[in-house]
A.B. asks: 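Got a structure for you, written out below as structure tokens; questions coming shortly.
Computed from heavy atoms alone, side chains included, the values below leave out hydrogens, waters and symmetry copies.
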Amino acid sequence: MMIVSALIVGLIIGFVINKILEKNKGKKKISDADKTAKRIVKEAHKEADSIKKDKILQAKEKFIELKAEHEKVILSRDKKIAESEKRARDKESQISSELSKNKKLNQSLEAKVKNNDELQEKLSKKTDELETVLERKVKELEVISNLSAEDAKEQLLESLKEKAKSDAMSHIQETIEEAKLTAQQEAKKIVVSTIQRIGTEEAIENCVSVFNIENDDVKGRIIGREGRNIRAIEAATGVEIIVDDTPEAIILSCFDAVRREVARLSLHKLVTDGRIHPGRIEEVVGKTKKQIEQEIIEVGKRTVIDLGIHGLHPELIKQVGRMKYRSSYGQNLLHHSREVARMCGVMAAELGLNAKLAKRAGLLHDIGKVPETETEVPHAILGMQWAEKYGEKPEVCNAIGAHHDEIEMTSLLSPIIQVCDAISGARPGARRQVLDSYIQRLKDLESIALGFTGVKKAYAIQAGRELRVIVESEKVSDDKAAALSFEISQKIQTDMTYPGQVKVTVIRETRAVNIAK
């Protein structure tokens, strides 16, 4: 028991001793920390004093620099003021000297004016004396010649007129003869030079396009069950699709290049997509037609940029693009117009005329050949009307309208356009008369059918041996369709000349469409 008590007492004493030691250690640490803090504060004060001195020195140096710069500015300003004052003094002295000179000149001028007045008086007296002498001499001459002064003047004028006329006529005749000798040579030189500088290829348009396919299995999908797909394509595009034994190829036949291109692109999309049925065909054909319209505009823009023509109306640019899908006697109309534009530019430059206006007129001279609807107005007059409507210059409008002599030529550009048009069309291999007459016959067939009431579309296919007419089911009944086919055939037989026979097929289709919402 006493041992336990002794242990407890020992632990208490040890704890007290430990606390006393820790308290002494804490006091020692606090005193050390105070010393360190005092030392740091002292060092900070020293560093602050040094920084303060440095800043004061920097401020003094900066003040001295600014003062020096200010003094420089003041000196330069004083110098400029002194120079300005000197110039002003020089100007004043110059002005004073000029004033003195002007004063002397005025005095001399006044003296000369006085002398001139005296001379004028003397001259007027002399003139009066001469007039009296002249009148006396004229009267004496009238007495001698038995003619008055007026009669003598008239006789003299008549003789001078006759002599001048004869001299002028001989000079004009010599000039005309010389011009005839040199003009033909110069004209041939300019034409040959122009043709040599504009190299073009032969451009013959065909009426068929070949659509290549990967394998012959695609042909069956294009034809469809009982031929429904191929009939839908032909009805939507107006192009005859020929599927024969030709390996990996389908032939598209149509005189209209736009329809042919629409059919070709539509077939490409359908074959690529794989979904080929009548509904899908109509949708793709509609989208392709919009794509072709956009492409026509892009072609027109590229053409005018290539030729360096600026400021052309957007509608005229569209008509230029449409020329890509038109031909004139087998010659592509856009190629022909580009060729004419280049030749006109060269020829106008050789003659010292406005080459840019000549190019513009050359490009637009045949835009009357691409109307969206057929018209009886000659293409030159129609093109001139379009050019006037869209703000072209009078020289360009006259050149377009006069290049086939429908109107009188009023500017030098007009004969240049006419000559270049003839050169482009007369090149060997450029044109083919038979193709143009064939295309015109197909257009006439379609026009006859479209002239009847209720006809929605009309397509001439199989080289004009068949005319397919699509009618509106609401306006034309089945009985009326048969009668319409007979009437169209009789109209063709009466109004047209054609080889062989023309088969007229009237197609009437009834559709019921509803939309579930």
Side-chain angles (χ1 to χ4, degrees), residues 187-188 190-191 194-195 198 200 203-205 303 307 309 312-313 315-316 319-348 351 353-355 357-441 443-444 447:
K188 285 182 179 178
I190 290 172
V191 170
T194 303
I195 293 172
I198 307 296
T200 56
I204 296 295
E205 288 290 309
T303 301
L307 294 174
I309 296 171
L312 204 63
H313 193 278
E315 193 61 34
L316 291 179
Q319 299 303 328
V320 169
R322 288 178 66 83
M323 288 196 286
K324 178 184 177 182
Y325 299 103
R326 291 289 185 274
S327 62
S328 177
Y329 298 102
Q331 184 181 25
N332 184 275
L333 201 55
L334 183 59
H335 294 169
H336 165 66
S337 298
R338 288 169 66 102
E339 182 181 350
V340 170
R342 289 197 181 96
M343 285 196 289
C344 288
V346 173
M347 199 172 287
L351 294 171
L353 301 175
N354 191 329
L357 273 186
K359 271 188 182 182
R360 202 180 191 95
L363 178 65
L364 300 176
H365 80 284
D366 267 348
I367 56 170
K369 288 186 177 180
V370 290
E372 294 184 0
T373 57
E374 295 296 327
T375 177
E376 297 297 327
V377 181
H379 76 273
I381 302 298
L382 183 61
M384 181 185 70
Q385 291 172 356
W386 282 354
E388 289 173 347
K389 179 181 177 182
Y390 297 116
E392 290 298 316
K393 292 187 177 180
E395 299 96 320
V396 176
C397 298
N398 180 259
I400 295 170
H403 79 276
H404 284 312
D405 293 322
E406 276 90 357
I407 61 172
E408 184 181 355
M409 296 183 181
T410 59
S411 71
L412 287 174
L413 286 182
S414 302
I416 292 176
I417 305 303
Q418 190 178 49
V419 168
C420 293
D421 180 44
I423 292 171
S424 175
R427 288 188 298 102
R431 292 187 171 184
R432 194 163 59 194
Q433 180 76 30
V434 177
L435 179 63
D436 195 69
S437 60
Y438 157 71
I439 290 174
Q440 188 59 45
R441 179 165 60 85
K443 287 182 178 179
D444 291 342
S447 298

A.B. asks: To the closest 0.5 Å, what do you measure between CH2 (W386) and CD1 (I367)?
C.D. replies: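 If we round to the nearest 0.5 Å, W386:CH2 and I367:CD1 are 6.5 Å apart.
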
A.B. asks: Look up atom CG in L364 and atom CD1 in I417, then write down how far apart they are to the nearest 0.5 Å.
C.D. replies: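 Rounded to the nearest 0.5 Å, the CG-CD1 separation comes out at 9.5 Å.
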
A.B. asks: Can you list the residues that meet the salt bridge (Lys or Arg N to Asp or Glu O under 4.0 Å) rule with R322, with sequence neighbours excluded?
C.D. replies: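 R322 satisfies salt bridge (Lys or Arg N to Asp or Glu O under 4.0 Å) with no other residue.
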
A.B. asks: List for me each residue that meets side-chain contact (heavy atoms from CB on, under 4.5 Å) alongside A358, sequence neighbours excluded, and say none if there are none.
C.D. replies: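 For A358, the residues satisfying side-chain contact (heavy atoms from CB on, under 4.5 Å) (neighbours in sequence not counted) are C344, A348, L413.
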
A.B. asks: Does atom CD1 of I407 have more than 12 heavy-atom neighbours, drawn from other residues, nucleotides or ligands, at distances under 6.0 Å?
C.D. replies: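 Yes - once you tally the heavy atoms of other residues, nucleotides and ligands closer than 6.0 Å, there are more than 12.
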
A.B. asks: Might you work through the side-chain hydrogen bond (donor to acceptor under 3.5 Å, both in side chains) test for H365 and H336, ending with a clear yes or no?
C.D. replies: CA-CA 10 Å; H365 80 284; H336 165 66; 3.2 Å; yes

A.B. asks: Mind listing the closest non-hydrogen atom pair of A402 and Q418 along with its distance?
C.D. replies: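 Looks like O-NE2, 4.0 Å.
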
A.B. asks: Can you name the nearest heavy-atom pair linking L382 to V377, along with the distance?
C.D. replies: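 Minimum heavy-atom separation between L382 and V377: N-CG1, 3.9 Å.
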
A.B. asks: Could you grab the distance from atom CG of L334 to atom NZ of K324, nearest 0.5 Å is fine?
C.D. replies: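 Rounded to the nearest 0.5 Å, the CG-NZ separation comes out at 8.5 Å.
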
A.B. asks: Under the rule for side-chain contact (heavy atoms from CB on, under 4.5 Å), what residues qualify as partners of E388, not counting sequence neighbours?
C.D. replies: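 With sequence neighbours excluded, E388 shows a side-chain contact (heavy atoms from CB on, under 4.5 Å) to M384, C397, given in chain and number order.
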
A.B. asks: Going by salt bridge (Lys or Arg N to Asp or Glu O under 4.0 Å), name the pairs with one or both residues in residues 393-411, residues two or more places apart or in two chains.
C.D. replies: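 For residues 393-411, and leaving out neighbouring residues, there are no salt bridge (Lys or Arg N to Asp or Glu O under 4.0 Å) pairs at all.
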
A.B. asks: Check for me whether the distance between the ring centres of H403 and H379 falls short of 6.0 Å.
C.D. replies: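 They qualify: ring centres under 6.0 Å apart.
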
A.B. asks: Within the 4.5 Å heavy-atom criterion, are V346 and M343 side-chain neighbours or not?
C.D. replies: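 A side-chain contact under 4.5 Å is absent here.
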
A.B. asks: Indicate the atoms forming the closest heavy-atom contact of V370 with Q319, along with that distance.
C.D. replies: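 For V370 versus Q319, the nearest heavy atoms are O-OE1, 3.2 Å.
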
A.B. asks: So, do L307 and L363 sit near enough that their side-chain heavy atoms are less than 4.5 Å apart?
C.D. replies: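 In short, these two side chains touch, coming nearer than 4.5 Å.
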
A.B. asks: On a heavy-atom basis, which atom in L312 and which in E392 lie closest, and how many Å separate them?
C.D. replies: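 Residues L312 and E392, closest heavy atoms: CD1-OE2, 3.4 Å.
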
A.B. asks: Before accepting this row, confirm whether a basic side-chain N of the pair K369/D366 lies closer than 4.0 Å to the acidic partner's carboxylate O.
C.D. replies: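 Yes, K369 and D366 are salt-bridged.
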
A.B. asks: Going by the rule side-chain hydrogen bond (donor to acceptor under 3.5 Å, both in side chains), which residues pair with T410 if we only count those two or more places apart in sequence or in a different chain?
C.D. replies: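 So T410 forms a side-chain hydrogen bond (donor to acceptor under 3.5 Å, both in side chains) with N398.
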
A.B. asks: Hey, are the side chains of I416 and L351 touching, using non-hydrogen atoms and a 4.5 Å cut-off?
C.D. replies: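 Heavy-atom side-chain distance check passes, below 4.5 Å.
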
A.B. asks: Using 0.5 Å steps for rounding, measure from the NE2 atom of H335 to the OG1 atom of T303.
C.D. replies: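 H335 NE2 to T303 OG1: 8.5 Å, rounded to 0.5 Å.
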
